[in-house]
Amino acid sequence: MNLRPLLTPALVLLAAAAASGADILKIRTDKPGAEIQPTMYGLFFEDINYAADGGLYAEMVKNRSFEFPQNLMGWESFGKVSVRDDDGPFDRNPHYVRLLPSGHPHKSTGLTNEGFFGVAYRKGEEYRFSVWARTIGDKASRIRVELTDPASMGETQVTASARLTIGSTDWQRYTLTLTPSETVRKGQLRIFLDSDAGCDLEHVSLFPADTWMGHENGLRKDLAQKLADIRPGVFRFPGGCIVEGTDLATRYQWKNSVGPVENRPLNENRWHYTFNHRHFPDYYQSYGLGFYEYFLLAEEIGAAPLPVISVGLACQYQNKGMDAHVPLDSLQPYIDDALDLIEFANGPADSGWGKLRAEMGHPEPFGLRFLAIGNEQWGPEYPERLAPFIEAIRSKYPDIRIVGSSGPKASGEQFDYLWPEMKRLGADLVDEHYYAPETFFLTQADRYDSYDRKGPKVFAGEYACHGKGKKYNHFNAALMEAAFMTGLERNADVVSMATYAPLFAHTEGWQWRPDMIWFDNLSSVPTASYYVQQLYSTNKGSRVLPLTLDGKPVTGTAGQEGLYASAVTDDSTGGYIVKAVNTTSSPRDLILSFEGLKKDHRLTSGRVITLSSADPDADNTLDNPSRIVPVATSIDLASPTSEVSVTLPANTFAVYIFN
Ligand code: AHR
């Protein structure tokens with residue numbers, strides 16, 4: 001019997017596809033499921049790899065307040081320079097320098113700053129120098145400020161120079177603009193005493209005039225723009241381990257990171273000594289990029305802020321068997337820090353901490369909705385400390401959603417202990433971390449299929465594929481992440497947030513890799529992992545659609561041979577988005593079959609964005625920044641249809657978009 005006349009054109013196509021060996025991905029458009037949370041794909045920022053000072057924070061002077069334990073670290077002095085701490089303008093940063101005449105017309109007094117891996121600047125661009133200063137005695141003093149190129153083979157090392165008169169014995173802030181005549185990567189900032197009257201200098205600062213959104217205490221524009229281009233839904237800050245500190249004294253204390261920038265006390269950055277084989281003794285936190293700047297950036301890039309604060313446990317890795325933590329009966333100041341942070345973010349402009357926010361320039365609340373308590377904590381010492389935080393926050397701020405930790409690993413004894421504890425305590429979300437090899441990412445796309453739908457939501461707060469034997473950025477790791485993320489998307493009813501980690505790394509100052517964005521002092525480059533995050537975030541859609549191959553979710557399991565896929569509606573266009581990842585080295589013929597389309601509704605246009613690389617071990621670099629970039633092409637739909645035939649190339653992440 002010839003059945004052909006009984007089959008619809010769609011069924012004919014499917015029958016042909018089956019015969020040809022194409023995989024038929026069935027997408028049930030009439031069964032929209034969970035909403036994709038606006039927070040689903042986001043960012044996690046930690047000051048590791050010189051991500052803040054020397055990175056996103058655009059300050060170019062290292063040790064600008066002379067507060068490093070070696071007060072002149074980062075500086076070279078010449079002539080008569082002394083460090084003093086008796087009478088400076090900032091009580092929490094008491095040190096300053098005194099410059100006195102050299103005593104001989106042919107000798108000079110001054111200081112040179114080496115910057116962060118050099119002071120880098122571009123020809124013709126403006127740089128804003130500022131300094132707090134006072135003259136000593138009755139006579140006005142003068143300094144000469146220069147940008148120099150120490151490696152120059154020209155007649156002069158000086159590429160920009162300007163003078164500043166200091167006319168008061170009271171501390172005052174002075175500014176000038178430098179416009180260099182050359183682009184220099186490894187330059188210096190040099191200050192000469194340029195008169196026979198001495199002066200005192202404090203908080204010596206140099207910023208590009210052209211910062212992100214033009215803020216004076218600003219951020220590097222290229223780096224902030226890359227964050228904005230992800231269109232993140234959530235923004236976790238400031239760590240990570242630096243929340244905990246190597247000891248409690250070095251934990252991140254948000255109250256030290258707000259108010260006038262000159263008076264924010266320096267903190268040790270634990271990443272300066274965490275790895276002896278990558279040791280950076282000049283790595284400190286100026287807190288110039290503090291909690292105000294963070295909330296502002298989150299607002300400007302449209303992400304919900306998710307601060308993390310200390311639960312009173314110092315880094316548990318670094319304090320095993322030591323009595324390093326806050327005793328339970330002394331937790332109140334830590335709990336107050338949490339409550340006060342919420343007030344700083346959301347309180348009225350006349351409230352205690354809200355007033356400071358308003359004075360800093362933001363009278364309107366920042367709209368904080370989430371707060372994480374603790375980073376990678378474990379053991380009974382965590383829940384017993386978390387409990388009083390939750391109680392205090394719930395009673396004062398019942399709308400704040402609290403994020404708890406499931407420990408440093410995404411399985412094992414601590415993980416199994418902590419998840420039920422987080423449920424018992426009523427955490428709204430639980431933070432999971434996985435830096436894991438390919439096998440993890442290839443086998444965990446169904447990880448969340450079996451999670452309790454009634455418990456806390458999942459925040460995949462730190463994750464990255466650390467290729468086995470390949471702990472560096474490369475395309476294959478990004479491909480594994482893309483494959484795994486289909487499982488986050490399919491489980492959007494339980495996974496509310498996910499943030500890759502770490503975010504930034506300076507090519508000369510990294511401690512940890514892979515990372516999402518690499519940079520040096522003048523340029524930056526998104527990695528393949530960045531583009532995976534961006535493709536998910538900018539195509540996150542609205543609601544999950546069931547997508548199956550032979551009746552099963554497509555999670556790369558047996559019979560699916562390395563294929564991963566998920567689908568969502570896009571309610572803004574009425575269209576559909578399918579993400580598919582082929583982790584094998586053979587192309588895959590697919591039929592995307594959209595079932596349950598409304599009567600008379602057919603797909604009329606389509607396009608695909610692919611991310612692939614001929615070399616799985618390669619990634620983008622500063623020298624070759626566009627090696628692996630998303631490529632968009634249109635899909636020719638000859639006539640309105642409900643099935644689309646595509647070939648998914650080998651080792652490729654593809655985002656198909658149909659209307
Ligand atoms: O992202 C680097 C570190 O990894 C984080 O500080 C910590 O939370 C995790 O162990």
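Everything numeric in this text was worked out from a predicted model, so none of it was measured. Each ligand, and each atom within it, is numbered from 1 in the order the structure gives.
Under the 4.0 angstrom criterion for non-hydrogen atoms, Y463 is not in contact with ligand 1. The shortest separation from a heavy atom of P502 to ligand 1 is under 4.0 Å, placing the residue in contact.
The closest heavy-atom contact to atom 8 (O) of ligand 1, among the options E46, E244, H433, E462, comes from E462.
Annotation: atom 10 (O) of ligand 1 to nearest protein heavy atom, E376 OE1, 2.8 Å.
Backbone and side-chain nitrogen or oxygen atoms of Y435 are examined, and one is located within less than 3.5 angstrom of a nitrogen or oxygen of ligand 1. Of the N or O atoms in C241, one or more lie within a sub-3.5 Å distance of an N or O in ligand 1. Below 3.5 Å of separation, one finds no N or O of Y317 facing any N or O of ligand 1.
The closest side-chain donor-acceptor pair between Q225 and D229 falls under 3.5 angstrom.
Using a 4.0 Å cut-off between heavy atoms, N375 contacts ligand 1 through its side chain alone, with no backbone atom that close.
For ligand 1, the atoms lying closer than 4.0 Å to a non-hydrogen atom of W271 are 6 (O).
Geometrically, R278 engages W510 in a cation-pi contact, judged by NZ or CZ lying under 6.0 Å from the ring centre and within 45° of the ring axis. Taking the centre and axis of the six-membered ring of Y287, the NZ or CZ atom of R264 falls outside the cone set by 45° and 6.0 Å. In this structure, K409 fails the cation-pi test against W378, since its NZ or CZ atom is not both closer than 6.0 Å to the six-membered ring centre and inside 45 degrees of the ring normal.
Within the 4.5 Å cutoff, no side-chain heavy atoms of Y397 are placed close to those of R369.
Without hydrogens or angle criteria, Q285 side chain to L266 main chain gives no donor-acceptor distance under 3.5 Å.
Looking at K457 and D493, no side-chain N of the basic residue comes within less than 4.0 Å of a carboxylate O on the acidic one, giving no salt bridge.
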